[in-house]
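Input: a single structure, listed below in structure tokens.
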Amino acid sequence: VNMPKKSQFGFMPPLELLKLWIDNGFWYDRQKPEVKYLKNMQLVAAMAPPGGGRNCISSRIQACFSLV
């Protein structure tokens, strides 16, 4: 889940997109103004300690996952 570079405002857009799906259970279609539901899915993610080009993830994203 570590991303190499944060955006200008400190966000990681791919992770924010995952957070949208985890929180709401859907994404918006960019071509048509309608909701796309994703059901019966599991999300498994891995990350390494920060450093060497990897950044820490925000606590907003971290709250969506169970950490081991």
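Note that the coordinates shown come from a computational prediction; the quantities given were computed from them, not determined experimentally.
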Residues that Phe9 engages under ring pair (Phe, Tyr, Trp, His ring centres under 6.0 Å), provided they are two or more places apart: none
Apply side chain to side chain contact (heavy atoms under 4.5 Å, CB included) to the pair Val35 and Trp27, showing each step before the final yes or no. CA-CA 6 Å; Val35 174; Trp27 281 326; over 6 Å; no
Applying ring-ring contact (aromatic ring centres under 6.0 Å, His included) as the test, list every pair that has at least one member in residues 45-68; sequence neighbours left out. none
Quick one: list whatever passes side-chain contact (heavy atoms from CB on, under 4.5 Å) with Gln8, sequence neighbours left out. none
Please list all pairs meeting salt bridge (charged side-chain N to carboxylate O under 4.0 Å, His left out) that have one or both residues in residues 37-46, counting only residues at least two apart or in different chains. none
Measuring from Lys36:NZ to Asp29:CG, what's the distance to the nearest 0.5 Å? 4.5 Å
Name every donor-acceptor pair, under 3.5 Å, that has one atom in a side chain of residues 11-19 and the other anywhere in the protein, sequence neighbours excluded.
{"residue": "Glu16", "atom": "OE1", "partner": "Arg60", "partner atom": "NH2", "Å": "2.8"}
{"residue": "Lys19", "atom": "NZ", "partner": "Asp23", "partner atom": "OD2", "Å": "2.4"}

Among the clusters formed by ILVMFWY side chains lying less than 4.5 Å apart, do Met41 and Ile22 turn up in the same one? yes
Please identify each residue that fulfils ring pair (Phe, Tyr, Trp, His ring centres under 6.0 Å) with Tyr28, with sequence neighbours left out. Phe26
